[in-house]
Every structure is written in C-alpha cells, then in structure tokens.
Amino acid sequence: MATTNGTLSVVRTRTGRRCSHVETIDLDSKEESSVLVIYSGGTIGMVINEGGALVPASNALGRHIRRCPFLHDVEYAKKRFGDKCETSAFVLPDTKRARRRVLYTLLEYEPLLDSSNMTSDEWIAIAEDIKKWYKSFDGFVILHGTDTLAYSASALSFMLENLGKSVVLTGSQLSLFEPRSDAKDNFLESLVIAGNYVIPEVTICFGRKLYRGNRTTKMDTEGFSAFDSPNALPLATFGIQIEVNYRELFRPIVIEKFRVHSKLNSNVALLRLFPSITLQTVSAFLRPPIQGIVLQSYGSGNVPSNRVDILEMIEAAIDEGLIVLNCSQCIRGSVSNAYETGKVLCDIGVTSGADMTPEAALTKLSYVLTKDEWSVEKKREMLERNLRGELTVTSPTPSMSEAVRMVSFSAKHNLELDPYTAANVLFPALLGSAVLDDNPNRIEQLLSSGADLSQPNVDQRTPLHIACCEGKTSLVEFMLQKGASVHTKDRYDHTPLNEAVQHDHHEIIKLLVNCGAHLMIPPKVLGEKLCKAAIRGDVTKLKSYKIAGANLNQCDQSGRTPLHVAMLHGHKECALYLLGEGCRMDAEDMMGLTPRDYAAKAGSIGMVTLLETKNTLHHVKVL
Ligand code: ASN
C-alpha cells in the first residue's frame, strides 16, 4: 500500500503489513540531528468515523504535521531543502534550549492500529525497523496508542539488546488534529529527547515526563498525565529546563554490538489471584501450551497458604518445567518473603518478580522463554536478574560527598553553586582529569560519589571522548564496561569514534566498533576525508577509517575515490594498500576518468606500471 509522508515512499512487505522504505537524512550542519519517527497508530492520529467512534486515519498525520508550525519549520525546510521542501524531512522548530535542530522522517505503518489491536507481531516489526535504520538515525520516536503502550515499551526494552541510542515511545489522550491535544507536547518533547540526548533505553515520554518504558504503567484513562512509573524515578522532567536524571539511566555494560532479538513466546499468561479462586481456574492457566505465567499475588507477594490444593498444583507444574513469576497486585512496592503466605511460594520454586510491573514481567517472560540456549534454571535466574533496569536491585546509594565537598569549596570561594549545578559542572571535569591521569580508581571513586560517565562537560564531551582522543585503550574498555555511551556527540559533532579515528588509535576504534559504534558521516563528506588522507599518502589514517567501517571506494563530491588521488599524487604505498582492500581501478570520477587515467595524466609511469602489473592484486596481498 503506497503512502507518502514527506520523505517516505512505501513498499509492501511479505506480511503486507507495513512500510519498508525510508529516505535517510544527510546532516550537513553540526547543529542538526536526525530522528526516525515510526507511526504505528493510536489516538494521536485518530478521527471520528461515521459510527461516531475514534479510528486511525491513514495518510493524514504527515500532511497535518507539515501545516503545524510547532512541529515543522517551513522556512528552515525551504532554506535547507529548496524545491524538495514539500516532500523533505520535517524540521522541528528551534526550541532555543535544545542544542540541535531535529530533522525527522515519518514511517507510517499500514494499517495503523488502535493499540488494543496490536500484538507481538507489531513489536517485532518495530524492533526490525529500528535494526534496519539504526545506523542512519541519531534516535527513534514511536507514535503509539496509549492502551498497550506500556506492554510495547517493555517488550521492546528486552528485544533491543545492547541499545546505544534513544528510543522514545509516545502517544496522546487527544488526537493531534484537536486544538486542545496533549499530542503536540508529547511528540515535540519526544523529538527533542531522541535528537538531543543519548538515553540508551526504551522510554515513554508522556505528560512532561520521560519514564523508563519497562517501569511504566497506564494509570489514567482521561488525564494528560496518563502514565507513571511507581517503582522508579522519571528519567527526565520537562520544565523550563530539561532535567535528565543521568544517575538513573540504565546502560549496557558489555562490549557488544546492538542487536535485535526478534522472537517472543506467546504461551504466557497473567493470573491474578482473588479470594475463593477455584482450582479449575488455576489449573486452566497451568496447562500446555502455557510455558510461563505471571502470578499476581496480594500485597508483598502473598497467596493463601492454606490452599494446599492450589500450591500443590503450582509446585507440580513447576516441576514439569513451567515458570511461575511472582509479582504484586499493588501498583507500588516489591514482593518479598516477609510473610509465611509469601515464603510458601519461594519454597515451591516460584520465581521472584521483585518490583516489576505486570507488563514488564509478562514481556520479559515471553522474551526469556525464546532464549533456547538457556536451560530452565538459567531462564529462572535471568528473570530474577536486572536485565534492562526493569527491577530494583539494592545497591549502595551513592553518597554526594564529593559534590558536597565541591559546594563547600564554592561557598568558601564565594561561588554560587547549588549541589546539582556543582555536580553537573564539576563531576565531568573531575572525571576528565582522572582520564588524563590514567586513573581508573579515581574514576571508580567519582562514580560511587554520584558522578556519571554520560554527563557531558561544557563542550558536550564525555570522559570517553577524552580517553579516545588520548589513546587510553584500557580506560576506554573500563568505561565501556561501566556503560559509557559510544554515540554521544560533542559540540563539534564528534563521537568518541571520530576522536579515535582522528588520532589513529586502532585498538580503540576496534573496541568502539565492537560496542556498536559506527561512523555517522554523510557519504560524500566521508569521501572527502578519505581523499584528503590519500592526498597525503596517509595509510594509517585510511586504515583507521577502514577499521571504523568506512567503504574505501567512497567518492568525494567530484566522484574521486581515494585511489584516484593516491595515483594522482604518486603515493605508491597508499595505492597498494587501497588495491589490497579491493578498491576499484575502474571507478570513474565526474569527468569519466579512472585512477589509471589520473596516474597517466600525472605522468607517473611507475604508478601506471603498478596498475598494469598482471599480478597486482596477488602482489598486494603478499605485501
Ligand atoms: N485506544 C487508543 C489506543 O491505544 C487510546 C489512545 O491512544 N489514547 O490506540
């Protein structure tokens, strides 16, 4: 089904369900960022049908956004995209307080769904699209109905493994087409977050707050503050300033690339206990094909311990390999073994769901059950483990002693600093100096005092930028294992990977790439950089780009590849390296000239011979 929404042209997929082609955005300014908006449905784009009920309207939201001055800056788009501005990417107006202008593309699904009609197939489709476009965009926003938003966010949080970029889900209580809609703020704030902050989590942006998706639940059918995360602080709040709670962010702490786990097990169920529940009801939940249930118990994880019939039935099912995950019916708090009525569950092998929401517990179960490489014991163990910040593990509360010391220092010296400003300004500086001193112990100390590796300094540089620039390989590894983000861009648009490439730290480049880092440079600009290196005959630099994932056949604005210019300037070693990496001798520049023509025109006989040597490639490999 073809739909056009600005930059989007659509191809039907195998399932016939969704769109699959998106134009990427080449950023040409350091002040811009790119966001892919996946539009799955929900009230945000609904209209009233003939029957008087709200239903999603296809091909309408994109057109409407183009006419909304608070969501699309026509003037900027005209300047930026010229004649193509009517179909170009959307441009978020200048929000003054956000650093980058957010350019975004809309990918509208077909059909659009009320989220009550969504299934795990849609979660998989969203996860696959994020995978497909992961390298092309700085962040992702998913427009979604509110009814099952918490389920989708929870499921995605598990499926998107080693996530390094912001994925923000949002929706609204009133349609964007309505004047009093909450959609405008929710959408706009989501775009600001996805385009300006690296919050490597699946989050929900709603009612001026950003929540961790798998901690969130829909609390209100009517209010604009429809969501809450009762057992976790919001990750950010939107006032005059956007206050990001950096210390609360969850980050992958392994050096592994982003990947998507696109399988979920549907043989799961939620069993909510109630007084006088019959054995037949319980038994219906424990029978095949069910493989796991979330048992919603009373209070802090209690069940009727006098119902031996039920307990024996549950125990028998567990012995057969069924997983029973215990969560509370209460909105706030955790299950525990405080009461005899709770301890009985532990005694019969029920797994503790700690303080997970039912949405998180169910989707985690569904995810864990598809990890075929794990035994049942391992699956139970992983369910109790904190995988994506979905449950609380008691860790020592970081003391603010360091920040307090800073404040007393500032008080003594008459500097006006409250503890938060002090922490925001001074911690990044102290971390930076610990990096320069190659001192992991001091970094560790600062982290336990409340510092955060993702908190940027005034130049938006993180400690990882500094370590990559200085070539501190073991510190880079150390910080990646502490969750440092590889995607943060500094004031000059440099990621840690750019720093490592610029300074030719090959081991660091490898580490970063293994942790999911990739070059975010428009192809022609990359071509210019490669040609510049080849003009200098700088093989080390070309190797740096190669390790970072660059295509060495990439041409510049004039169609010249690095091999063209290496030939032109007679850099033999460089030409040999490029040939060895499979660079093409027949690549033509804008005037139809090949590297061979360049060598001939430059009068470099040696280079022509080099190219003409029959066994050049073999020779190069040997070299
Ligand atoms: N029924 C709608 C949905 O979940 C509710 C909403 O989006 N506010 O799609």
Side-chain angles (χ1 to χ4, degrees), residues 3 5 17-19 37-62 64-65 68 71 106-127 129 140-157 167-191 193-194 202-211 213-229 238 264 270 357-360 362-363 366:
T3 311
N5 268 316
R17 188 181 289 109
R18 60 201 177 87
C19 328
V37 179
I38 296 175
Y39 173 31
S40 69
T43 299
I44 195 160
M46 286 193 185
V47 292
I48 295 185
N49 70 4
E50 317 80 63
L54 280 165
V55 287
S58 301
N59 301 322
L61 196 70
H64 185 70
I65 292 173
C68 291
L71 287 174
L106 192 67
L107 170 57
E108 180 174 311
Y109 279 10
E110 163 66 36
L112 291 168
L113 293 175
D114 185 305
S115 72
S116 301
N117 285 329
M118 286 178 79
T119 65
S120 52
D121 287 351
E122 277 72 40
W123 304 339
I124 293 171
I126 294 171
D129 275 327
F140 300 85
V141 169
I142 296 151
L143 300 179
H144 195 292
T146 57
D147 290 344
T148 63
L149 188 61
Y151 286 94
S152 301
S154 299
L156 286 169
S157 76
V167 174
V168 189
L169 280 85
T170 194
S172 63
Q173 296 282 57
L174 287 174
S175 158
L176 186 67
F177 304 118
E178 293 218 24
R180 271 192 64 245
S181 178
D182 54 330
K184 174 195 142 216
D185 290 337
N186 290 345
F187 189 20
L188 197 146
E189 306 285 29
S190 302
L191 287 166
I193 289 289
V202 177
T203 55
I204 292 181
C205 181
F206 219 94
R208 302 279 185 192
K209 294 217 168 82
L210 186 77
Y211 302 98
N214 56 34
R215 288 295 201 146
T216 312
T217 211
K218 185 170 177 182
M219 309 283 280
D220 195 336
T221 57
E222 301 234 318
F224 283 164
S225 299
F227 287 84
D228 197 2
S229 59
F238 302 89
L264 290 169
L270 276 167
T357 60
E359 294 91 334
L362 189 82
T363 53
S366 178

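Predicted model, so just to flag it, every value in this text is computed and none were measured. Counting starts at 1 for both ligands and their atoms, in listed order.
For K209, the salt bridge (charged side-chain N to carboxylate O under 4.0 Å, His left out) criterion is met by no residue, not counting sequence neighbours. L270 pairs by the side-chain contact (heavy atoms from CB on, under 4.5 Å) definition with Y151, V294, Q296, P358, L362, not counting sequence neighbours. The salt bridge (charged side-chain N to carboxylate O under 4.0 Å, His left out) search around D185 returns R208, not counting sequence neighbours.
At a 4.0 Å heavy-atom cut-off, the residues surrounding ligand 1 are G42, T43, M46, D114, S115, G145, T146, D147, S172, Q173, listed by chain and number.
Between the side chains of N186 and S172, no donor-acceptor pair of N or O atoms lies under 3.5 Å. Residues E122 and T119 have side chains that bring a donor and an acceptor to within less than 3.5 angstrom of each other. For the residue pair T43/Q173, the side-chain donor-acceptor check at 3.5 Å is not satisfied.
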